[in-house]
K.L.:
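One structure coming up, written as structure tokens, with questions to follow.
Letters go in sequence order (proteins before strands), and every chain restarts at 1.
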Number of protein chains: 2
Amino acid sequence: MPRKRNAHRNADTPTLADVARLAGVSDITASRVVRNKGPIADATRAKVLAAIAELGYIPNRAAGSLASSGSTLMSVLLPSLSNIVFPDVLRGIHTALTETAFQPVIGVTDYDPVIEERILLSFLAWQPAAVILAGLHHTATARRHLEHGRFRVAELMDIDGDPVDIAVGMSHWQAGYDTGKHLVQRGYRRFGYAGHSIASDDRARARYDGLRAALKDAGLLLVAEERVQGGSSTMAGRHLLEAILRKAPGLDVVVFPNDDMAMGGIFHCMHAGITPKEQLGIFGFNGLDIGQALPLPLSTILSKRFLIGKTAAEKLLESRERPAEKTIINTGYDIIEGATA
Amino acid sequence: MPRKRNAHRNADTPTLADVARLAGVSDITASRVVRNKGPIADATRAKVLAAIAELGYIPNRAAGSLASSGSTLMSVLLPSLSNIVFPDVLRGIHTALTETAFQPVIGVTDYDPVIEERILLSFLAWQPAAVILAGLHHTATARRHLEHGRFRVAELMDIDGDPVDIAVGMSHWQAGYDTGKHLVQRGYRRFGYAGHSIASDDRARARYDGLRAALKDAGLLLVAEERVQGGSSTMAGRHLLEAILRKAPGLDVVVFPNDDMAMGGIFHCMHAGITPKEQLGIFGFNGLDIGQALPLPLSTILSKRFLIGKTAAEKLLESRERPAEKTIINTGYDIIEGATA
DNA sequence: GCGATTTATGGTAGCGCTATCATTATTCTG
DNA sequence: CAGAATAATGATAGCGCTACCATAAATCGC
């Protein structure tokens with residue numbers, strides 16, 4: 001016996017068929033108006049729009065997505081939200097997506113490729129139009145899905161490697177190298193490094209490696225190195241500088257993996273009566289606003305986080321199809337001389 | 001004439017039917033295994049899981065969502081990502097959602113209820129399980145949809161008002177009032193306020209109003225008030241403090257709408273040789289880590305952003321149905337005495 | 001030991017939309 | 001003005017999954 005039609009319908013929610021009936025057109029015509037696709041007579045469009053307004057119709061994207069096997073979602077996988085860098089990237093992405101039909105779905109991987117893989121797979125269930133992730137290093141499974149999927153892929157932050165589709169970012173190794181070169185040129189010789197646990201953060205590690213390479217090329221070595229377990233924070237930077245100076249009092253410059261920690265270094269200097277630059281160079285990374293508002297602006301490197309996010313999203317929107325050629329966009333960085341190194 | 005079946009299929013992507021066939025069970029049984037729902041014999045589950053692994057099956061959530069008229073998406077609408085407050089909230093939400101099937105979809109409203117409404121409507125097209133927004137003030141249309149939708153709603157940050165379903169946050173008016181009372185108790189009498197354009201930020205305005213009320217109750221008034229156009233920033237706070245002290249040299253305390261700006265005030269003090277607290281009280285809001293890493297920790301109020309996000313998401317997960325009773329959760333705040341006021 | 005529950009599985013009919021093909025009215029070309 | 005292109009609309013059949021109902025097998029109570 002045939003079951004009652006519309007058994008598990010949402011009785012109150014108007015569908016496209018309701019709109020079409022009210023406007024006196026066929027379903028598909030109403031659909032065309034909603035999607036702004038195909039030729040529609042002005043009068044017809046007006047009728048349909050009026051019906052939509054009257055019913056308060058909201059399209060069902062799940063149905064649309066199913067029928068067209070594609071969505072307007074863009075999956076964004078970020079390592080962290082505590083680090084201001086990634087909200088900045090996200091802001092860039094969001095800016096590029098405003099006024100488009102695309103919506104970002106975000107996931108946080110905690111710098112862990114295995115978590116990244118898990119979240120990626122769950123995101124792929126929505127048939128996203130594009131996937132944005134950080135870095136070029138993923139699990140084999142993740143990489144396989146990224147390569148074979150029918151969606152665009154952008155890998156952000158880092159460009160030292162082989163992307164799946166698009167990479168947007170900068171060379172962190174080079175930034176580290178330039179930091180070392182810059183500081184050597186300014187006369188610093190006895191280098192310290194005060195960092196955080198590097199295992200998780202590929203890019204901090206690349207900058208560290210670049211720094212060491214520059215020192216090596218100048219015939220120098222890191223005199224002292226100190227690390228905190230776990231994440232970076234201003235307070236950690238403050239304590240770390242104190243610790244490293246106790247162990248190696250003769251340092252003339254200390255490099256930090258980021259501005260947050262370098263700010264802590266500055267605060268320790270203030271507390272201990274050390275004049276930055278004159279007595280001890282302090283160098284960060286990221287170029288956060290707050291560092292530039294200091295009485296002595298922080299010497300650091302400006303990474304273009306917002307630009308990276310925005311560029312990546314814009315690039316992805318250019319074509320739904322993955323082009324034959326891979327694209328690598330170097331957004332570069334600026335050395336901010338500042339007054340602390 | 002019947003059209004070719006599976007005309008516009010994704011030929012290469014395995015479906016649940018493929019899994020079921022390979023496992024030798026019916027579609028619906030395979031579906032039950034995937035969703036972990038209903039009674040399944042261990043042997044059957046094992047067979048299905050093996051088939052899933054072999055095919056690399058990824059469920060199609062659009063189809064699932066359509067069939068069950070409900071999704072595992074949670075819409076999150078935040079005013080801004082520049083202000084660290086909201087990434088913190090988002091982090092809390094994300095933490096609560098880890099290990100669940102839910103995924104946050106985020107939108108940024110720029111503190112504009114009209115943009116909020118637009119994004120809300122586009123999010124509702126995905127039949128989200130819940131909607132999270134900031135504040136209790138929305139457009140009439142948005143409010144109507146929130147009230148009549150079949151999804152949970154959480155309104156964050158603020159609890160001074162009447163929520164649709166759940167509100168999680170604190171009383172910003174009260175926080176402003178307590179700030180005033182606290183500072184009056186500590187002997188301050190000549191108050192200045194250095195803020196940003198308030199129109200957009202309801203909560204900063206509520207704190208400001210609370211502060212004035214406390215001063216009034218103590219028989220005092222704001223002696224001076226200075227505002228920047230546009231958003232808040234550390235540099236703006238620094239310039240603003242300089243400006244307000246020029247206009248009203250006799251101030252003994254300046255209150256800022258947030259820690260970012262208050263940090264700028266501190267930096268101006270350092271630059272101008274003013275000793276915080278002794279010569280001039282500085283008071284912020286938010287309790288950011290960086291302020292507590294200062295040589296003199298910032299006096300401020302700790303708002304519990306992470307907790308707000310986490311609590312809200314957890315509360316929403318408790319039940320898919322909107323309960324008869326509205327819930328208001330006050331996460332409170334702590335006054336951090338600090339050393340600057 | 002026999003009806004009553006519980007456990008495990010399956011058949012079928014949509015969910016609301018859009019791709020595809022088909023059709024009719026309208027405009028254009030030489 | 002015939003033939004061809006273009007503009008505007010429609011009928012139909014799924015997209016891949018799950019709600020709903022039905023059935024069969026295993027366990028239970030007394």
Side-chain angles (χ1 to χ4, degrees), chain A residues 1-21 23-48 52 55 57-72 124-127 150, chain B residues 1-21 23-48 52 55 57-72 124-127 150:
Chain A
M1 177 181 29
R3 198 149 311 118
K4 182 170 56 230
R5 207 190 133 86
N6 292 344
H8 56 282
R9 271 210 52 189
N10 268 340
D12 42 340
T13 335
T15 71
L16 193 56
D18 298 326
V19 170
R21 198 176 320 114
V25 300
S26 72
D27 295 19
I28 187 66
T29 300
S31 170
R32 290 196 181 102
V33 172
V34 170
R35 286 177 296 149
N36 224 349
K37 192 177 178 184
I40 294 286
D42 289 347
T44 309
R45 168 172 288 112
K47 275 190 300 181
V48 174
I52 288 174
L55 295 175
Y57 168 70
I58 293 181
N60 183 329
R61 289 296 316 141
S65 187
L66 179 59
S68 65
S69 43
S71 80
T72 54
L124 293 186
W126 290 103
Q127 316 226 116
R150 351 179 106 200
Chain B
M1 178 183 26
R3 199 149 309 120
K4 183 167 57 230
R5 209 191 132 85
N6 292 346
H8 56 281
R9 273 212 49 189
N10 267 341
D12 42 339
T13 335
T15 71
L16 192 57
D18 298 326
V19 171
R21 199 176 319 115
V25 299
S26 71
D27 295 19
I28 187 66
T29 298
S31 169
R32 290 198 181 101
V33 173
V34 171
R35 288 177 295 150
N36 225 346
K37 191 176 177 183
I40 296 285
D42 290 348
T44 310
R45 167 172 288 112
K47 275 190 300 182
V48 173
I52 288 174
L55 295 175
Y57 168 69
I58 293 181
N60 183 328
R61 289 296 315 142
S65 189
L66 178 59
S68 65
S69 46
S71 80
T72 54
L124 293 187
W126 291 101
Q127 317 226 118
R150 351 179 106 200

K.L.:
When you get a sec, tell me which of C:dA19, D:dC17, D:dT18 is the closest nucleotide to the side chain of B:Ala63?
P.N.:
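Within the option list, the nearest is D:dC17.
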K.L.:
Can you check the A:Leu16 CG to D:dG10 C1' distance for me, whole Å?
P.N.:
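Atom-to-atom, A:Leu16 to D:dG10, this comes out as 13 Å.
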K.L.:
D:dT18, C:dG16, C:dT18: which one has an atom nearest the side-chain heavy atoms of A:Arg35?
P.N.:
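Nearest to the side-chain atoms of A:Arg35, counting from C-beta on, is C:dT18.
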K.L.:
Using whole Å, what does the distance between atom C1' of nucleotide D:dG16 and atom CD1 of B:Ile52 come to?
P.N.:
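So the CD1-C1' distance, B:Ile52 to D:dG16, works out to 14 Å.
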K.L.:
Give the minimum heavy-atom separation between B:Leu16 and B:Tyr57, together with the two atoms involved.
P.N.:
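In terms of heavy atoms, the two residues are closest at N-CE1, 3.4 Å.
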K.L.:
Ignoring backbone atoms, establish whether B:Ser31 has a side-chain N or O less than 4.0 Å from OP1 or OP2 of D:dC17.
P.N.:
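For D:dC17, OP1/OP2 do not have a side-chain N/O of B:Ser31 under 4.0 Å.
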K.L.:
Do you know which two heavy atoms are closest between A:Leu55 and A:Pro14, and how far apart they sit?
P.N.:
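A:Leu55 and A:Pro14 have their closest heavy atoms at O-CG, 3.5 Å.
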K.L.:
For A:Ala46, what residues pass the side chain to side chain contact (heavy atoms under 4.5 Å, CB included) criterion, not counting sequence neighbours?
P.N.:
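Counting only residues at least two positions away or on another chain, A:Ala46 forms no side chain to side chain contact (heavy atoms under 4.5 Å, CB included).
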K.L.:
The criterion is side-chain hydrogen bond (donor to acceptor under 3.5 Å, both in side chains); which residues satisfy it with B:Ser71, sequence neighbours excluded?
P.N.:
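B:Ser71 satisfies side-chain hydrogen bond (donor to acceptor under 3.5 Å, both in side chains) with no residue once adjacent residues are dropped.
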K.L.:
In whole angstrom, what separates B:Asn60's CG from D:dT18's C1'?
P.N.:
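For the pair B:Asn60 CG and D:dT18 C1', the rounded distance is 12 Å.
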K.L.:
What is the separation between atom CG on A:Leu66 and atom P on C:dC15, rounded to the nearest whole Å?
P.N.:
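From A:Leu66 CG to C:dC15 P: 13 Å.
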K.L.:
Could you check how far CD1 of A:Ile58 sits from C1' of C:dC15, rounded to whole Å?
P.N.:
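The answer, rounded to whole Å, is 17 Å.
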K.L.:
List for me each residue that meets side-chain hydrogen bond (donor to acceptor under 3.5 Å, both in side chains) alongside A:Ser31, sequence neighbours excluded, and say none if there are none.
P.N.:
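By the side-chain hydrogen bond (donor to acceptor under 3.5 Å, both in side chains) rule, A:Ser31 matches A:Arg35.
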K.L.:
Given atom CZ of B:Arg150 and atom P of C:dC15, what is their separation to the nearest angstrom?
P.N.:
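Distance check: B:Arg150 CZ to C:dC15 P gives 14 Å.
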K.L.:
For the pair made of OH in B:Tyr57 and P in D:dG16, what is the distance, rounded to whole Å?
P.N.:
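From B:Tyr57 OH to D:dG16 P: 10 Å.
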K.L.:
Tabulate below the donor-acceptor pairs under 3.5 Å that side-chain atoms of residues 59-67 of chain B make, not counting sequence neighbours, or state none.
P.N.:
from, atom 1, to, atom 2, distance (Å)
B:Asn60, OD1, B:Ala62, N, 2.9
B:Asn60, OD1, B:Ala63, N, 3.1
B:Ser65, OG, B:Gly70, O, 3.2

K.L.:
Distances under 3.5 Å only, N/O to N/O: pair up the protein atoms with those of nucleotides 8-10 of chain C.
P.N.:
from, atom 1, to, atom 2, distance (Å)
C:dT9, OP1, B:Thr44, OG1, 2.5
C:dT9, OP2, B:Ala41, N, 2.8
C:dT9, OP2, B:Thr44, OG1, 3.3
C:dG10, OP2, B:Ser26, N, 2.9
C:dG10, OP2, B:Ser26, OG, 2.9
C:dG10, OP2, B:Thr29, OG1, 2.5
C:dG10, O5', B:Ser26, OG, 3.4
C:dG10, O6, B:Arg32, NH2, 2.9

K.L.:
So which heavy atom on A:Ala30 is nearest to which on A:Val19, and how close?
P.N.:
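Closest approach of A:Ala30 to A:Val19, heavy atoms only: CB-CG1, 4.4 Å.
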K.L.:
Angle between the two end axes of the helix from C:dG1-D:dC30 to C:dG30-D:dC1, five base pairs per end, rounded to 10 degrees?
P.N.:
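Axis-to-axis angle, ends of the helix: 0°.
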K.L.:
Can you tell me the distance, in whole Å, between the NZ atom of B:Lys37 and the C1' atom of D:dA19?
P.N.:
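It works out to 8 Å between those atoms.
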K.L.:
Listing request: all side-chain hydrogen bond (donor to acceptor under 3.5 Å, both in side chains) pairs with a residue in residues 38-48 of chain A, at least two apart in sequence or in separate chains.
P.N.:
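Residue pairs with at least one partner in residues 38-48 of chain A: there are none.
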K.L.:
If you compare all heavy atoms of B:Ile52 against all heavy atoms of B:Val34, which two are closest, and at what distance to 0.1 Å?
P.N.:
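Smallest heavy-atom distance, with atoms named: CD1-CG2, 3.8 Å.
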